[in-house]
Amino acid sequence: MGKYFSEAEAFSGIEIAAMPPGTAEISQWELVDKIRGGLLGQILGNLNGIPHEMKYIHEPGKVDDYIPSLPEGARTDDDTDFEWVYICEMQKENELFLSAEQIAALWQERINRRIWCSNQYARQLMDLGFEPPLTGNVLLNPWAEFNISGQFLCETFGLLGPGMPQTASRIGLNYTRVAIDGEPAQTTQLFNTMIAMAFVEDDLEVILDAGLTALDDKSVLVEIIEQVKQWYNEDPNDWKKGRQNIKEKFSQVDGAMRDKNGYELNTAATIAALLYGEGNFTATLQHAFNFGWDCDNVAATAGTILGVMRGYRWMMAQDWQIVDRYKNTTRDNMPMDETITSFADRLIQLAEKVILDHGGQKLVRSGQYYFLIAREDPGSVVSLYDVTDLRENMMDRFSDDIERDLRSSNAKDRARAAYLAIALGLGDKMRSENEEFWKEGREDLQQYEQVLQVLFYHSPVPAAPALQEKMLDAGLRPPAEREDLW
C-alpha cells in the first residue's frame, strides 16, 4: 500500500522530508496494478451484473454461485462507455477538464444510442443548444434530482486521482453533472473519494469514513450510510435482513422507476454490498447482484473500489476466465480495436498527469520509478443548494437571455428560449410582454419532436408531470404517440 513519510528520507537527490506532511509514496508498478485492477473490477461488476439488472425489486436475488468472468471479453455499456468517450478525448487533448462546449460536441458526435433516463434527457436538451451543467439542472431535466448517473458514471475518474480524493471528485463532477445535480452529485463525491483513497488505504472502514467526510453535512447520504452501517453491525451475518431494512426505509414509490434508478436505494445497496462482502471481491459482487435494483451499477462501483484494493495481479491470479477485449458496440466514431489493457493504459497516462499537475513527483530509486503523491484530505467540493433559491437565481440570470433569444433569427435559439422560460415559470411573463415572438418560439419548440418525446413519454418520474403541465399550459402538444429515441 502507499506509505506515509514520517521522517527524512532521501533518494535521487530529493530530500523527502521537504515534501508536505502526509505525502504518499507509490511505486509505478503498484499504481499501474491498482488502476488496472480498478478498471477490471468495474467492468466485471457491470457486465456480470447485467443479467440481474432490475430483476430483484421487492425481493432479493438468489445468486449463490458466482465466479467473475469475461469469457468473450468486455463490451461497451453505459456504465463504462460514457467515461471511455471522455477519457479518449482527455488523453488526446491532454486536458483533465473538458469544457462544456467540448462535452456537448462529444455527445452529439458519439453518444446517440443505448442511453437512458437522465442521460437520454440530457442528450435531447443538447439538441436544443443547452450545454452542461444546464443539461443536468434539476429545473430543466426531471430525472436529475435522483438519477444514479452521479455514481455509475464517476468510477473511472476516481482511478485518476490516487490519494487525491478532492481532485478525483472535481474531475468526476465535471462529467457527471452533465445529467445530474443535487444529491446525485454528492454520490460522485462519495464514491470518487472512496476509490481515490483505496490507493493509499487498505482498511475498508477507513475508506468508507473518508467517503462520508466528502459529503455535504446536509446530504441525506450521511443518514443513509450511517443507517446501513448500523444494520450491518447489528447482524453482520444476515444480509437479507439488511436488504429488507434498506427497502423498507429508503423506498420512495414502492419499487417504481424512482426507486429502481434512484440514488438512495442504490447507494445503500453499494455500501451494504461492501460491508457484507467484508473485502472479498467475489462475495461483494454477489451481494451487489442480490441486493437488486440497478445492481450492475452497484456491482461496478463496489468492484472498482475492491479492484483497486486487491490489484490486477491478484485478480488475474484467481484463474478467472478474462479475455482482453473491450468491444465497441455502442459509441460512434470511437476505436473499434480497444482492449481492457489499452483502456487502462489511457487511465494510467492521465493518472500520471494528475499526480504531477497536483504537486506530486516522479522519481527513480534503484532503477525503479516511484511517485510521490501530494495526498489530499477527503472533503466536499460541491455543496447542496435550495431549489427555490436556484430557481430565483436562474430567473434573474436568464431573463434577459430569454427575451433576446426569442427575437433571434435562429429557430434553435427561439426554441431553447421557450423551453427555458416554461421550465423556470416565466412563460406567462414572456407571453404577455412578447406575444408575437413567444408564439414563434413555442412553435419552434414544437418542432423538436424528440425533446417532447423524452418529456411526455420517456420520463415516468415524479418531477415530470409538473413540467409537462407547464408545457401544456404554454400551448405545446405532446407527440401523437410514443416512439423509441434510438
Side-chain angles (χ1 to χ4, degrees), residues 50 53-55 57 77-78 81-82 104 107-130 134-149 178-180 252-262 293-294 329-332 406 410-425 427-428 430-431 438-486:
I50 285 177
E53 181 183 22
M54 303 296 187
K55 297 288 180 62
I57 305 301
D77 183 69
D78 63 347
D81 60 15
F82 284 82
W107 277 59
Q108 290 175 306
E109 177 192 352
R110 305 180 188 183
I111 303 176
N112 296 294
R113 51 201 169 96
R114 295 195 67 79
I115 50 178
W116 293 271
C117 304
S118 194
N119 292 306
Q120 185 181 66
Y121 207 103
R123 176 63 186 82
Q124 304 315 317
L125 290 179
M126 289 176 191
D127 283 345
L128 274 175
F130 286 106
L134 285 177
T135 50
N137 185 285
V138 296
L139 300 177
L140 307 185
N141 183 334
W143 294 83
E145 64 176 349
F146 74 88
N147 184 255
I148 58 173
S149 288
V178 173
I180 52 85
Q252 300 279 327
V253 286
D254 195 31
M257 181 57 76
R258 171 64 178 80
D259 288 339
K260 295 176 185 177
N261 200 240
W293 300 295
D294 210 335
T329 62
T330 56
R331 299 297 164 236
D332 304 320
L406 283 174
N410 184 285
K412 179 186 286 188
D413 289 345
R414 297 192 300 265
R416 182 177 62 254
Y419 186 98
L420 187 56
I422 294 168
L424 295 181
D428 289 342
M430 294 298 162
R431 177 164 36 196
W438 175 254
K439 181 178 180 181
E440 190 172 8
R442 185 191 62 196
E443 289 306 310
D444 290 326
L445 179 57
Q446 186 71 54
Q447 302 309 308
Y448 281 82
E449 174 82 11
Q450 289 191 313
V451 173
L452 300 180
Q453 274 284 339
V454 76
L455 172 59
F456 285 101
Y457 295 117
H458 297 268
S459 295
V461 297
L467 184 55
Q468 292 167 358
E469 184 176 355
K470 288 180 180 179
M471 293 288 173
L472 293 171
D473 288 346
L476 273 296
R477 303 176 300 280
E481 57 185 16
R482 185 187 190 278
E483 296 180 359
D484 291 335
L485 293 178
W486 49 264

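With sequence neighbours left out, the salt bridge (Lys or Arg N to Asp or Glu O under 4.0 Å) criterion links E440 to R414. Take S118 and apply the side chain to side chain donor-acceptor pair (under 3.5 Å) test, not counting sequence neighbours, and it matches N141.
Within the structure, no pair that satisfies the side chain to side chain donor-acceptor pair (under 3.5 Å) test touches residues 465-474, not counting sequence neighbours.
Nearest heavy atom pair, residue R331 against residue N112, reads NH1-N, 4.3 Å. Nearest heavy atom pair, residue L467 against residue Y121, reads CD2-OH, 3.7 Å. Listed here is the closest heavy atom pair of T135 and L125: O-CD1, 3.8 Å. Of all heavy-atom pairs between Q108 and R123, the closest is CA-NH2, 3.6 Å. Heavy atoms only, all atoms of each residue included: M430 and A421 are closest at CG-CB, 4.1 Å. The two residues D444 and A411 have their closest heavy-atom pair at CB-O, 3.7 Å.
In this structure, V451 and Q446 have side chains that are not in contact, with every pair of non-hydrogen atoms separated by 4.5 Å or more. Within the 4.5 Å cutoff, the side chain of D259 has no heavy atoms near those of the I57 side chain. Between F456 and M471, some side-chain heavy-atom pair lies under the 4.5 Å cut-off.
Annotation: W143 is not in aromatic contact with W116 [ring centroid separation under 6.0 Å not met].
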Begin from the C-alpha positions of V461 and R258 and carry the test side chain to side chain contact (heavy atoms under 4.5 Å, CB included) through to its verdict. CA-CA 6 Å; V461 297; R258 171 64 178 80; 5.8 Å; no
May I have the step-by-step check of side chain to side chain contact (heavy atoms under 4.5 Å, CB included) for E483 and Q450, ending in yes or no? CA-CA 9 Å; E483 296 180 359; Q450 289 191 313; over 6 Å; no
One pair to check against side chain to side chain contact (heavy atoms under 4.5 Å, CB included): Y448 and L128. What are the steps and the verdict? CA-CA 8 Å; Y448 281 82; L128 274 175; 3.8 Å; yes
Worked check of side chain to side chain contact (heavy atoms under 4.5 Å, CB included) between Q120 and W486: CA-CA 10 Å; Q120 185 181 66; W486 49 264; 3.9 Å; yes
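Note: F82 and W107 have tilted aromatic rings, judged against thresholds of 30 and 60 degrees for the angle between ring planes.
Expressed to the nearest 0.5 Å, how far CG of L134 lies from CG of L420 amounts to 7.5 Å. Rounding to the nearest 0.5 Å gives a distance of 9.0 Å between CZ of R114 and CG of D81. In this structure, CD1 on I422 lies 8.5 Å from CZ on R442, to the nearest 0.5 angstrom. For the atom pair M257 CE and N147 CG, the distance stands at 9.5 Å (nearest 0.5 Å). T330 contributes atom OG1, which lies 10.5 Å from atom CD1 of I115 (distance to the nearest 0.5 angstrom). Going from atom CG of D484 over to atom OH of Y457 covers 13.5 Å, rounded to the nearest 0.5 Å.
Counting only distance, with no hydrogens or angles, the side chain of D413 and the backbone of L406 share no donor-acceptor pair below 3.5 Å. Between the side chain of S149 and the main chain of A179, no donor-acceptor pair closer than 3.5 Å is present. E53 places no side-chain N or O within donor-acceptor distance of the main-chain N or O of W293, the cut-off being under 3.5 Å.
Ion pairing between R110 and D332 fails under the 4.0 Å rule for side-chain N and carboxylate O.
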